[in-house]
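Notes to accompany the following structure.
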Amino acid sequence: MAYWLMKSEPETFGIEHLKARGTALWDGVRNYQARNFLRQMAVGDEALFYHSNTKVPGIVGQMTISRAGYPDPTQFDPHHKYYDPKSTLDNPRWTGVDVKFGEIWSKQLPLEQLRLMPELESLALVRRGNRLSLMPVSPAEWQAIMKKHQSL
DNA sequence: GCCAACGTTGGC
DNA sequence: GCCAACGTTGGC
């Protein structure tokens, strides 16, 4: 089982939306590095839900991967903002996964605090200029984050 | 295959 | 709202 961190803008799709829906397609990833990580995800993997581009960015809760990678349907829809005319049905370019709501943390763990944790210095999230929207989290990083979360 | 121009991400 | 950093596009 692997661990992941996945970013989303709360105004577009926040953890409250996932809670209401229960399960949702994680769509709209249009970056090859992130897509390759999506393709590595397996059912049962655990993921941190991160709110980006908001007043206090940070980890706000947890979810699990409930369906492994499959073609992101939004790439085929000409009316959708994630439409990709270069993608074809028999050779889809972009991948999505299904995620299942886990929990909303009673206190979020802000980016500002994550930056202070020496255990996370190699995590892409805190690296200068990194814009990767989802990334693997090592077991050691996961444990450090959970420990910090429980101490809040 | 280089690289300038452009668009996007996302913290601040 | 600003802008640094980065990825992508397309001319050559």
Side-chain angles (χ1 to χ4, degrees), chain A residues 2-21 24-41 45-65 68-99 101-138 140-142 144-149 151-152:
Chain A
Y3 300 111
W4 306 94
L5 181 145
M6 301 166 77
K7 298 182 188 174
S8 185
E9 301 189 9
E11 297 207 353
T12 308
F13 186 79
I15 196 163
E16 298 284 353
H17 296 101
L18 181 57
K19 184 183 183 185
R21 298 255 295 274
L25 164 66
W26 199 275
D27 62 10
V29 172
R30 296 292 183 269
N31 168 281
Y32 287 104
Q33 197 182 353
R35 181 205 66 182
N36 293 341
F37 287 136
L38 281 173
R39 290 181 175 178
Q40 292 172 30
M41 290 181 179
D45 283 0
E46 300 217 40
L48 300 162
F49 199 125
Y50 179 93
H51 279 177
S52 65
N53 208 5
T54 188
K55 193 166 184 180
V56 182
I59 298 167
V60 294
Q62 287 171 249
M63 57 195 169
T64 56
I65 307 304
Y70 62 101
D72 177 348
T74 63
Q75 72 194 302
F76 306 123
D77 178 358
H79 303 296
H80 201 284
K81 71 182 255 201
Y82 295 138
Y83 177 61
D84 184 349
K86 292 177 189 160
S87 191
T88 58
L89 276 167
D90 45 333
N91 189 19
R93 181 177 289 204
W94 304 112
T95 297
V97 297
D98 286 354
V99 295
F101 177 74
E103 63 173 304
I104 297 179
W105 287 359
S106 55
K107 287 189 86 170
Q108 72 158 302
L109 184 41
L111 175 62
E112 188 181 21
Q113 296 236 22
L114 297 170
R115 286 194 189 285
L116 297 174
M117 296 171 61
E119 303 95 328
L120 304 184
E121 63 185 11
S122 61
L123 186 66
L125 182 77
V126 301
R127 303 202 70 113
R128 174 187 157 88
N130 197 287
R131 305 182 314 183
L132 198 57
S133 68
L134 60 95
M135 65 196 72
V137 175
S138 75
E141 289 163 345
W142 182 272
I145 289 167
M146 287 305 149
K147 193 176 165 191
K148 188 74 182 173
H149 160 55
S151 73
L152 287 177

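Letters A, B, ... are given to chains in the order of the sequence lines, protein chains preceding strands, and every chain is numbered from 1.
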Per the side chain to side chain donor-acceptor pair (under 3.5 Å) rule, what does the pair list look like for residues 108-121 of chain A, sequence neighbours excluded?
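Of all non-adjacent pairs touching residues 108-121 of chain A, none passes side chain to side chain donor-acceptor pair (under 3.5 Å).
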Verdict with supporting geometry, A:R30 and A:T74, side-chain contact (heavy atoms from CB on, under 4.5 Å)
CA-CA 11 Å; A:R30 296 292 183 269; A:T74 63; 3.0 Å; yes
Residue met sooner reading DNA chain C from 5', once A:R30 and A:R128 are mapped to nucleotides:
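Comparing both residues, the 5'-ward one is A:R128.
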Where each residue is assigned the nucleotide of DNA chain C containing its nearest heavy atom, which of A:G129 and A:K86 is assigned the position nearer the 5′ end?
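By nearest-heavy-atom nucleotide position, the 5'-most residue is A:G129.
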Residue set satisfying side chain to side chain donor-acceptor pair (under 3.5 Å) with A:T54, at least two apart, ordered chain then number -> none
Atom CG in A:N130, atom CD in A:Q33: separation rounded to 0.5 Å?
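Taking CG in A:N130 and CD in A:Q33, the distance rounds to 7.5 Å.
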Indicate for each nucleotide in nucleotides 7-12 of chain B, in 5' to 3' sequence, whether protein heavy atoms under 4.0 Å reach the base (B), only the sugar-phosphate (S), or nothing (-).
BBBBBS
Flag the pair A:W94 / A:Y70 as yes when their ring centroid distance falls below 6.0 Å, and as no otherwise.
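No.
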